[in-house]
Number of protein chains: 2
Amino acid sequence: MSIGSPNFNRQAKRREATRQEILAAAWEVADEQGIGAVTLREIAERIGMQPPSLYSHFPSKMAIYDAMYQQGWEEYLEVVCQLEPRLPAQPRAALATVAAEFFDFALAKPTRAQLMNERVVPGFVPTAQAYAPAVAALDNLRMTLTRLGASDEAAADLFTAVLGGLVSQQIANEPGGRRWRLLLERAVDMYADEVGMPGPRLTARTELAGSHS
Amino acid sequence: MSIGSPNFNRQAKRREATRQEILAAAWEVADEQGIGAVTLREIAERIGMQPPSLYSHFPSKMAIYDAMYQQGWEEYLEVVCQLEPRLPAQPRAALATVAAEFFDFALAKPTRAQLMNERVVPGFVPTAQAYAPAVAALDNLRMTLTRLGASDEAAADLFTAVLGGLVSQQIANEPGGRRWRLLLERAVDMYADEVGMPGPRLTARTELAGSHS
DNA sequence: GTCTATACTGTGATAGAC
DNA sequence: GTCTATCACAGTATAGAC
């Protein structure tokens, strides 16, 4: 059978389906027991395979992590692409929307966020191909920030740091809670003030302790 | 031999010395090859022991990680305790000093910072005892922030998020570099402005793109 | 091409001799 | 307290059935 044969499409589809099945099982294990609990045996058992059979679809366990990493960022990229044309006109409101989307996306599946943003798997470094959608998403963010008024590259770095910090604190200290989620609008205002973004604040400014005599 | 016997002190000291030797070897491996590369065999080899002998001093590998975690936070706690009486009078300068100390402490040993702040070891959760110095350090930070004018609890959470975000971005994207380190003073100003901290800014405010006609 | 069967290496962990 | 021996399980790899 050659590439052009009638059976090619069918077999390729079946192969891709198996690949997705493997990844789905891997995500299942990761969500239930943590990224570190993902083993080839566990994946194989869930889809009724023998562990070595997985090597017909992925060259190594790292390749599975790599595909998961890529999948996570592709999902996020799609979210922001769908979001962008529907952003509010007000710069601060737009920034708050972007921030909320990022935060909620991360907290919806903390395990996915950990794999995407932290180094939870010892020795795992995403390949260039898997890293591509992450770069695209970051470029998109930079573009949006520039459009909204945060001109310099440093401003973009500051924004990702603030946003990433809030997400990471929420996941590490209170997964499932909203303690840092509630700080999101205030953080956006803080950032918007810093980069001189116009428009009224989204949140009321907190008074300094002792300053209200 | 009982607890009160003359040999107790000597034996206890020797035992504690061995414990420290094990931990030192573990840090050595972690610094050289990453936290995930720490194995009982590698530790044992470095101090001329057989791997199972480590179990005479630590009940499990997790217990070793736990002791490392505690050690890291104890080191940081000592740093901030020595720092506090020497803080500048100006609130913003004081805040900048605290932030710089935290950042530089973390970046001095990224592996230590990862263990302290991120979930790099699958399944590892610090025990209450190991977590104690971390709580003490955080309480200290909260106290300092309150004294400097950031009254509410939310303000403290916001500060740790910003600071943690900067550190985490630096470690993840450019370990050994200074890209996010250079944003530290600006971030402190941003935060100080948000909580209404008095005093002049430490950094010049960046103009909004297009606003300088 | 895909799956089964089997084996190799390295890991954390335990039991028992000294 | 340290050692030797051993276990269970991980990821990985290869050979061979179909």
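In what follows, chains carry the letters A, B, and so on, assigned in the order in which the sequence lines appear, proteins first and then strands, with residues in each chain numbered from 1.
Rounded to whole angstrom, the span from the CZ atom of F58(A) across to the P atom of dT2(C) amounts to 13 Å. Atoms NE2 (H57(A)) and P (dT2(C)) sit 6 Å apart, rounded to a whole Å. Straight-line distance from the CE atom of M62(B) to the P atom of dT11(C): 15 Å, rounded to whole Å. Taking atom CZ of residue F124(A) and atom C1' of nucleotide dG11(D), one finds them 17 Å apart after rounding to whole Å. Remark: C1' of dG10(C) and NZ of K61(B) are 12 Å apart, rounded to the nearest angstrom.
Using modelled atom types, one finds a donor on one side chain and an acceptor on the other under 3.5 Å when comparing Q20(A) with Q71(A).
Annotation: salt bridge (charged side-chain N to carboxylate O under 4.0 Å, His left out) contacts involving residues 109-130 of chain A, sequence neighbours excluded, comprise E75(A)-R112(A).
Here Y55(B) does not reach the OP1 or OP2 of dT14(C): none of its side-chain N or O atoms lies under 4.0 Å away. Neither OP1 nor OP2 of dG1(D) sits under 4.0 Å from any side-chain N or O of R14(B).
The side chain of S56(B) lies closest to dG1(D), out of dT12(D), dG1(D), dT14(C).
Residues A99(A) and V188(A) approach most closely at CB-CG2, 3.8 Å, considering heavy atoms. Taking all atoms of both residues into account, the shortest heavy-atom contact from V162(B) to A187(B) is CG1-CB, 4.1 Å.
Applying the side chain to side chain donor-acceptor pair (under 3.5 Å) criterion to D31(B), with sequence neighbours excluded, gives no partner residue.
Of the charged side-chain nitrogens involved, none lies within less than 4.0 Å of a carboxylate oxygen, so that E174(A) and R181(A) do not count as a salt-bridged pair.
For residues 17-54 of chain B, proximity to DNA chain C is found at V38(B), T39(B), L40(B), R41(B), P52(B), defined as any non-hydrogen atom under 4.0 angstrom from a strand atom.
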